[in-house]
Amino acid sequence: MTPTPSAKATDTVQVEKGHYIATAADCVACHTAPGGKPFAGGYPIKTPVGTIYSTNITPSPTTGIGHYTKAEFFNAVRQGIGRGGKRLYPAMPYTSYAGITDNDMEALYAFFTSSVTPVEQENRPNTVHFPFNVRSGMIFWNWLYLDASTFQPRPQETPEIARGRYLVDNLEHCGTCHTPRTLLMGPANGRYLSGSIVGAWYAPNITTDKIAGIAEWTENDLRNYLKTGHALNKGQAAGPMGEVVTNSTQFLKSDDIDAMIAYLRQVSPIAGDEKQPRTSFSLAANPEETERGLAASADRGWSIFSGSCSSCHQPEGQGINAYPSLTHNSVTGSPNARNLVATILTGVERRTEDHATFMPAFGPSALWVNRLSDQDIADVSNFILKTFGNPSVQINASYVAKRRAELTP
Ligand code: HEC
Ligand code: HEC
Ligand code: HEC
């Protein structure tokens, strides 16, 4: 049956809307393996209980979700119940997606069934250990953590703040990284958005706390960060956040970015242990003057910095052009050295509409940079922390070795 022209036009609108929802919900990030076909699955997610592989969600009827009915698709995305009643692991963020409205689900379904290219690719088996490999255990977990009601604006909320909350909590699922987890891996909602470990990385506190949070980031800083991954003298998006910007937030409409910012601006502040904001550290002493005179006892960290980093970040860490300053930088001022170490190990790679941002990885050996050992990375980090960043944080080689292991798939 040939659809009438007007039905066809509505379909196109619906599919485009679904594409936007899928982008805002960042389905591609987890459902695409590195270098693999979009949505064909096989992306490894390391969890404390084993490695979980995402599945093929292209409309292939044999290896993908081509045989899913609409109701089955809705149940998988919002309730974590796969075809035939299989309980999905919450590595699939269905507790966030539970709030997606029926309208948006319809559009998402239209997009996945009629616009995504089917790919024949078998799913990889998970390596989850007992008892977590018993999927029915998720019934108890869901009872604790799954709020199965869809999003409803609250009476006291403006439409903009309601939209922002829907984007942050349901579509973008920001809290899956920025909210700490309980021992059972559920969200610790009393510590909403106050910062959490994500593999080797740390997703910082993004509440309105004046010291531990992002109260001093202006609206423009946040807009730049979510659109481009870079906010001058505040922070840069590398690792998992670089992927969020690359795959998702850069494509959001300005109204939606503004709604998220308006919402984030009014979440409750949650304090940490730090004494000053992580973006507030400035140069402690001129490294060229203090270090050159030391000759024999010269700090190893300083020589590594001079050899491997200062050509881009500049001798006094002040940065130049696309190379960020290492003072007034949320990574070097943080009470947690994870993002500093993970950045040195993995580098930075981020693509936005008109920009490719690149810093080489010093973890593996590459063609044109020296591979740095765990001791080298500890030394250069300690030099950076005490000269440009938070001098109360110092690390050793075994700290670096742990981050290196966490980054190995
Ligand atoms: C944070 C990572 C992550 C994101 C983001 C994500 N998924 Fe998933 N998804 C997974 C994982 C992992 C599984 C497999 C879970 C399991 O094996 O229990 C999965 C399973 C599924 C399934 C069940 C497929 C099957 O084979 O039965 C569907 C459908 C699905 N996801 C759709 C989506 C859609 C649509 C989106 C975006 C709205 C999305 N996912 C976003 C990680 C993710
Ligand atoms: C997949 C995990 C993940 C998700 C999802 C995620 N973030 Fe992040 N976020 C991180 C990590 C890790 C960092 C640190 C990145 C760095 O320093 O390079 C970060 C950094 C940030 C920062 C900068 C904070 C600072 O002090 O440097 C902001 C702001 C932020 N995220 C907001 C958000 C918002 C808003 C969302 C939802 C749209 C979101 N994040 C979703 C992991 C995540
Ligand atoms: C070839 C140039 C280059 C070199 C060499 C280089 N960097 Fe970078 N660095 C960059 C770029 C580009 C960025 C990302 C800027 C952005 O995200 O906007 C960056 C970002 C960073 C950040 C912030 C990361 C984040 O997640 O926010 C830190 C910290 C950093 N570099 C430290 C180092 C250290 C330490 C070395 C030496 C071991 C080094 N860099 C060598 C170019 C370089």
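Atoms within a ligand are numbered from 1 in the order they appear, just like the ligands themselves. Bear in mind that the values here come from a model prediction, so they are computed numbers and not experimental data.
Not close to ligand 1: R83, with no non-hydrogen atom less than 4.0 angstrom away. A heavy-atom separation below 4.0 Å is not found between Y43 and ligand 1. Residue contact check for ligand 2: V168 places no non-hydrogen atom closer than 4.0 Å to it. Not a single heavy atom of A29 sits under 4.0 Å from any atom of ligand 1. Within the 4.0 Å heavy-atom shell around ligand 1 one finds H173. Look at A22 and you'll find every heavy atom at least 4.0 Å from all atoms of ligand 1. Not a single heavy atom of Y94 sits closer than 4.0 Å to an atom of ligand 1. Within the structure, ligand 3 lacks V380 among the residues with a heavy atom less than 4.0 angstrom away. At least one heavy atom of P204 sits closer than 4.0 Å to an atom of ligand 2.
Polar contact with ligand 2: present for A238 (N/O pair, distance under 3.5 Å). Some N or O of S330 is nearer than 3.5 Å to an N or O of ligand 2, by distance alone. For a threshold of 3.5 Å applied to N or O pairs, the pair formed by H31 and ligand 1 contains at least one separation below that value. Residue W201 has no nitrogen or oxygen atom sitting less than 3.5 Å from a nitrogen or oxygen atom of ligand 3, judged on distance alone. Considering backbone and side-chain atoms together, T332 places no N or O closer than 3.5 Å to any N or O of ligand 3. Between N329 and ligand 3, no N or O atom pair is found at a separation short of 3.5 Å. Considering backbone and side-chain atoms alike, T249 places every N or O at 3.5 Å or more from each N or O of ligand 2. Considering both main-chain and side-chain atoms, Q236 comes within under 3.5 Å of ligand 2 through a nitrogen or oxygen pair. Taking distance alone, with nitrogen or oxygen atoms compared against 3.5 Å, T176 stays at or beyond that limit from ligand 2.
Ligand 2 places these atoms under 4.0 Å from at least one heavy atom of V331: 17 (O). Atoms of ligand 2 found under 4.0 Å from any heavy atom of L264, numbered from 1 in the order shown, are 35 (C). Near A322, with a cut-off below 4.0 Å to any heavy atom, the atoms of ligand 3 are 12 (C), 15 (C). Atoms of ligand 2 found under 4.0 Å from any heavy atom of N339 (numbered from 1 in listed order, with element): 14 (C), 17 (O). For ligand 1, the atoms lying closer than 4.0 Å to a non-hydrogen atom of A25 are 38 (C). Ligand-side atoms of ligand 3 in range of H230: 16 (C), 18 (O), range being under 4.0 angstrom from any heavy atom. Using a 4.0 Å cut-off to heavy atoms of Y202, the atoms of ligand 2 that qualify are 11 (C), 12 (C), 13 (C), 14 (C). Near F112, the atoms of ligand 1 lying under 4.0 angstrom from a non-hydrogen atom of the residue are 35 (C). Short contacts between ligand 1 and R135, defined as distances under 4.0 Å to a heavy atom of the residue, involve ligand atoms 16 (C), 17 (O), 18 (O). Taking a cut-off of under 4.0 Å to the non-hydrogen atoms of P360, the atoms of ligand 3 that pass are 1 (C). Against a heavy-atom cut-off of under 4.0 Å, A91 is close to the following atoms of ligand 1: 1 (C), 2 (C), 3 (C), 12 (C), 42 (C), 43 (C).
With atom 19 (C) of ligand 2 as the reference point, the heavy atom nearest to it among M241, R338, E243 is part of M241. Comparing S308, A237, G235 by heavy-atom distance to atom 41 (C) of ligand 3, the nearest is S308. Here the shortest heavy-atom distance to atom 12 (C) of ligand 3, taken over F388, F305, Y225, F358, belongs to F358. Nearest-heavy-atom check against atom 8 (Fe) of ligand 2 across R350, E172, H178 picks out H178.
Side-chain contact check for N103 and T101: no donor-acceptor pair (N or O, by modelled atom type) lies under 3.5 Å. If you check the side chains of E172 and T249, you find no donor sitting under 3.5 Å from an acceptor. Judged by distance alone, the side chains of S325 and T327 do bring a donor and an acceptor atom under 3.5 Å apart. Side-chain polar atoms of N205 and T207 form a donor-acceptor pair below 3.5 angstrom. For the residue pair N390/Q276, the side-chain donor-acceptor check at 3.5 Å is not satisfied.
Checking D376, I344, I304 one by one against F362, the side-chain contact (heavy atoms from CB on, under 4.5 Å) holds for a single residue, I344. Partner of Y166 under the ring-ring contact (aromatic ring centres under 6.0 Å, His included) criterion, out of Y263, Y97, F151: F151 alone.
Here the protein heavy atom with the shortest distance to atom 20 (C) of ligand 1 is T55 OG1, 3.5 Å. Nearest protein heavy-atom contact of atom 38 (C) of ligand 2 is C174 SG, 2.8 Å.
Here the side chains of P159 and P153 are not in contact, with every heavy-atom distance at 4.5 Å or above.
Our summary of the site lists the angle at atom 8 (Fe) of ligand 3 between SD of M359 and NE2 of H313 as 180°, to the nearest 10 degrees.
Heavy atoms from both the backbone and the side chain of C27 come within less than 4.0 Å of ligand 1. The part of L340 lying near ligand 3 is the side chain, judged by heavy-atom distances below 4.0 Å. If you look at C309 next to ligand 3, the close heavy atoms, those under 4.0 Å, come from the backbone and the side chain alike.
The pair R403-E406 counts as a salt bridge, with a side-chain nitrogen and a carboxylate oxygen less than 4.0 angstrom apart. Ion pairing between a basic and an acidic side chain is recognised when a charged N comes within 4.0 Å of a carboxylate O; K70 and E106 show such pairing.
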Inset, instruction - Kindly indicate, with the supporting measurements, whether the criterion salt bridge (charged side-chain N to carboxylate O under 4.0 Å, His left out) is fulfilled by R265 and D258. - result: CA-CA 10 Å; R265 281 290 193 226; D258 289 351; over 6 Å; no

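For atom 8 (Fe) of ligand 2, the N/O/S atoms of C177 include none lying under 2.8 Å. When distances to atom 8 (Fe) of ligand 1 are checked against a cut-off of 2.8 Å, C30 contributes no N, O or S atom below that limit. Not a single N, O or S atom of S54, from either the backbone or the side chain, sits less than 2.8 Å from atom 8 (Fe) of ligand 1.
Between the CZ atom in F111 and the SG atom in C27 there is a gap of 8.0 Å [rounded to 0.5 Å].
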